[in-house]
Amino acid sequence: MQADVPTVVPAAALTTELPLSWRLGGLAAHELLPHLLASLTGEANSRHQPPQACWLNNDGNPVIGILPKVAWQVYPTGLTRADANPEATNKAQEFNDREQANKDVAITVARTTRATEGLLDPFSLGNNHCYDTTYREWIEELIVYSQRYEQSQVADSKAVSNATKPANGNQYQHGLIGFIGYDIAAGQLSPQQGIRLAEQPSTYLGHYDIYLKPCADGWQLTIDPTAQDLLSSAYCDMLITKLTQLDQQLAIYAAAIPPLPPLLLTSSWDYGQYKTAFAKTQNYLYEGDSYQINLTQPWQGQLTPITQIDGERKPAKLLNYLPALHNNTGAPFAGYIGLADFELLSCSPELFLVFASSADGSNQIRTKPIKGTRPRGHNASSDQALRDELAASDKDRAENVMIVDLLRNDLGKYAQTGSVKVPKLFAIESFSNVHHLVSTITATIKEDVSTLSVLFGSLPAGSITGTPKKRAVEIIAELEVAPRGAYCGTLGYMNFDGSGQWNVLIRTLQANRDGQVSLWAGGGITVGSDCAAEYQECVDKVGNLLGVLAKSEDKRLL
């Protein structure tokens with residue numbers, strides 16, 4: 001039996017005559033998201049929102065996920081709930097010790113399912129189930145869950161006209177959206193070293209079967225036919241009503257919104273401290289432990305309340321800074337996820353993995369590691385000179401090829417024999433604040449291998465660890481000032497047909513439940529690296545983000 005093709009839900013199915021596309025003020029996705037979240041959830045007394053809307057840029061093909069059918073939040077074992085009793089904590093530690101001995105990371109999963117009836121707030125997740133498991137077992141759970149939808153999604157993909165697909169094929173259709181943090185991936189790579197995990201969600205994935213995508217008229221609401229809990233409830237009518245109200249508000253929007261308070265981030269390391277860590281890194285390199293180590297450092301600060309025109313003070317969120325940040329960077333692989341106790345805002349220029357199906361039905365994979373950086377010039381001639389300097393740099397080319405070799409090895413574990421290729425080596429790509437040296441690697445995945453297995457098994461990315469990868473993550477854990485959290489992990493989507501796109505979480509901000517914000521930057525260190533130049537490269541990579549946050553003005557913010 002042929003599966004239903006995901007379509008816009010007919011108005012008749014929702015017992016309403018309202019349209020299913022809206023102009024929504026003509027706003028781009030990153031400008032719309034703050035308004036949309038405020039409209040769906042109302043004005044909260046807290047800066048935290050329930051796990052709900054998320055945004056991915058997808059190289060110019062944005063998608064806004066509304067509310068997941070099922071969502072998984074992964075925490076270090078024993079850190080999920082603040083009210084955990086000592087006995088439970090001790091059992092969790094015993095479980096953690098046992099699983100580390102078995103070379104697997106122990107985790108606690110908070111699995112929530114959507115409730116569309118009987119809730120005071122219909123736009124929040126409902127039933128919550130927490131359980132202890134291992135990272136590997138949870139990945140298998142995700143694979144089994146995805147396989148339930150896989151066959152129908154494959155049929156759906158074939159039924160969609162090629163004319164409706166973007167030229168580069170990077171579009172979300174129906175699947176999982178979320179992030180996988182660096183810490184947990186590094187811990188899984190070397191579980192017996194006791195690599196620290198930040199006290200925050202280590203991973204989040206949501207099954208988004210209801211989402212907004214751009215259309216000729218503005219924004220189109222799409223609900224997958226498998227979402228029977230939505231189609232048979234009053235939820236859709238309420239959602240459409242809220243979107244229509246937001247559309248009307250944005251059509252007449254002219255209020256003078258006060259600027260955001262400056263968000264000042266300061267480096268956790270001064271130059272002397274960075275120099276000490278750099279010297280230790282060099283010692284490991286000279287001793288032969290590694291050929292390249294990616295050394296990073298955080299900038300940290302605190303969100304402060306926003307004073308409204310009427311004098312009321314409203315808690316700030318990272319989300320409020322999203323429009324100004326993305327307007328400044330135009331990052332091709334940007335995104336945002338807001339959880340009840342955590343926010344992630346990425347302005348990433350780096351692609352990690354793209355999964356796509358070829359004409360013969362095989363799954364293709366592509367990765368584009370970045371290694372090599374120069375700042376943008378102050379004028380056209382200086383900008384070209386810096387670009388040419390990067391292109392001619394033997395040091396940067398050597399670092400780049402090290403990572404290319406590492407990723408060829410990573411993909412080779414899952415690729416058909418002889419299919420791993422490097423079609424582009426040492427290309428220069430320019431962004432708002434830096435030039436990068438970028439290479440491209442492609443492969444064909446073995447028929448019996450899940451794309452989710454490839455994604456999880458390839459983390460953390462070689463470009464932000466070093467080579468050999470396992471030893472590099474152990475050295476990083478020793479030398480860096482704090483766990484990275486989500487930074488240097490990945491953010492993206494995986495459709496149930498196996499297609500997907502994931503970034504590398506660089507140029508990325510994180511905020512915890514207390515409003516503490518971190519932004520990291522780093523670079524690959526080799527025996528030929530210069531300490532002052534590497535430190536300056538860190539500053540160059542985040543300088544424009546720090547500047548935008550310090551100024552913090554955007555008249556379209558709520």
Side-chain angles (χ1 to χ4, degrees), residues 58-59 167-170 185 189 290-294 332-333 348-360 362-374 387-431 434-447 449 451 453-472 488 490 492 498-506 523-526 528-529:
N58 294 334
D59 204 8
N168 61 8
N170 300 330
L189 185 62
S290 182
Y291 303 106
Q292 182 181 149
I293 299 168
N294 194 271
F333 308 110
S348 177
E350 184 168 359
L351 174 69
F352 180 40
L353 295 173
V354 168
F355 299 89
S357 298
S358 63
D360 63 5
S362 62
N363 287 322
Q364 306 294 314
I365 188 169
R366 174 167 52 96
T367 183
K368 293 179 63 178
I370 290 176
K371 191 57 64 179
T373 304
R374 291 294 185 279
R387 180 186 175 97
D388 293 343
E389 178 186 307
L390 177 59
S393 169
D394 290 336
K395 170 187 172 295
D396 289 294
R397 290 162 72 94
E399 290 183 22
N400 193 284
V401 79
M402 284 183 194
I403 300 306
V404 168
D405 285 343
L406 187 155
L407 288 171
R408 289 175 61 194
N409 181 66
D410 280 353
L411 297 187
K413 293 181 292 186
Y414 308 100
Q416 295 181 15
T417 302
S419 69
V420 180
K421 309 291 183 185
V422 185
K424 190 177 293 185
L425 191 64
F426 308 144
I428 302 293
E429 295 188 8
S430 299
F431 300 91
V434 291
H435 300 293
H436 279 313
L437 197 62
V438 185
S439 295
T440 302
I441 308 161
T442 61
T444 302
I445 301 174
K446 296 174 184 176
E447 291 184 5
V449 174
T451 51
S453 294
V454 179
L455 172 65
F456 281 96
S458 300
L459 289 167
S463 62
I464 45 72
T465 52
T467 180
K469 187 190 292 188
K470 181 176 182 295
R471 184 61 183 130
C488 287
T490 187
S499 60
Q501 179 179 278
W502 297 82
N503 75 3
V504 179
L505 279 171
I506 57 174
I525 309 299
T526 67
S529 296

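In this text, all values refer to a predicted model and were calculated from it rather than measured experimentally.
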With sequence neighbours excluded, tell me which residues meet salt bridge (Lys or Arg N to Asp or Glu O under 4.0 Å) with [X].
X	answer
R397	none
D405	R408
K371	none

For [X] versus [Y], what's the shortest heavy-atom pair and its separation?
X	Y	value
A472	S290	CB-OG, 4.5 Å
A415	A443	CB-CB, 3.8 Å
G462	L407	N-CD2, 4.0 Å
G498	T451	O-CG2, 3.3 Å

Residues two or more places apart in sequence or in another chain: which of them pass side-chain hydrogen bond (donor to acceptor under 3.5 Å, both in side chains) with [X]?
X	value
S430	R387, H435
E350	S463
N400	S439
D388	Q384

With the side chain counted from C-beta on, respond yes when [X] and [Y] share a heavy-atom pair under 4.5 Å apart, and no when they do not.
X	Y	result
V504	T490	no
I365	L411	yes
C488	L505	no
L425	V404	yes
T465	N294	no
R366	I441	no
L437	F426	yes

Atom NZ of K424: over 12 foreign heavy atoms under 6.0 Å: no
Set of residues satisfying side chain to side chain contact (heavy atoms under 4.5 Å, CB included) with respect to [X], sequence neighbours excluded:
X	result
S357	N363
A356	none
Y414	V449, V454, S458
S393	R374, K395, D396

L455/L353 under side chain to side chain contact (heavy atoms under 4.5 Å, CB included): CA gap, chis, key distance, verdict: CA-CA 8 Å; L455 172 65; L353 295 173; 4.2 Å; yes
Partners meeting ring pair (Phe, Tyr, Trp, His ring centres under 6.0 Å) with F431 (sequence neighbours left out):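 With neighbours one apart ignored, the set is H436.
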Calculate, to the nearest 0.5 Å, the distance between atoms [atom1] and [atom2] belonging to [X] and [Y] respectively.
X	Y	atom1	atom2	result
Q292	I525	CD	CD1	8.5 Å
W502	F333	CH2	CZ	14.0 Å
T373	I370	OG1	CD1	7.5 Å
R471	I293	CZ	CD1	8.0 Å

Residues T442, V420; criterion side chain to side chain contact (heavy atoms under 4.5 Å, CB included); working and verdict: CA-CA 6 Å; T442 61; V420 180; over 6 Å; no
K470 side-chain N/O to T467 backbone N/O, donor-acceptor pair under 3.5 Å: no
No-hydrogen, no-angle side-chain donor-acceptor test under 3.5 Å, T444 and Q364: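 The answer is yes; a qualifying pair exists.
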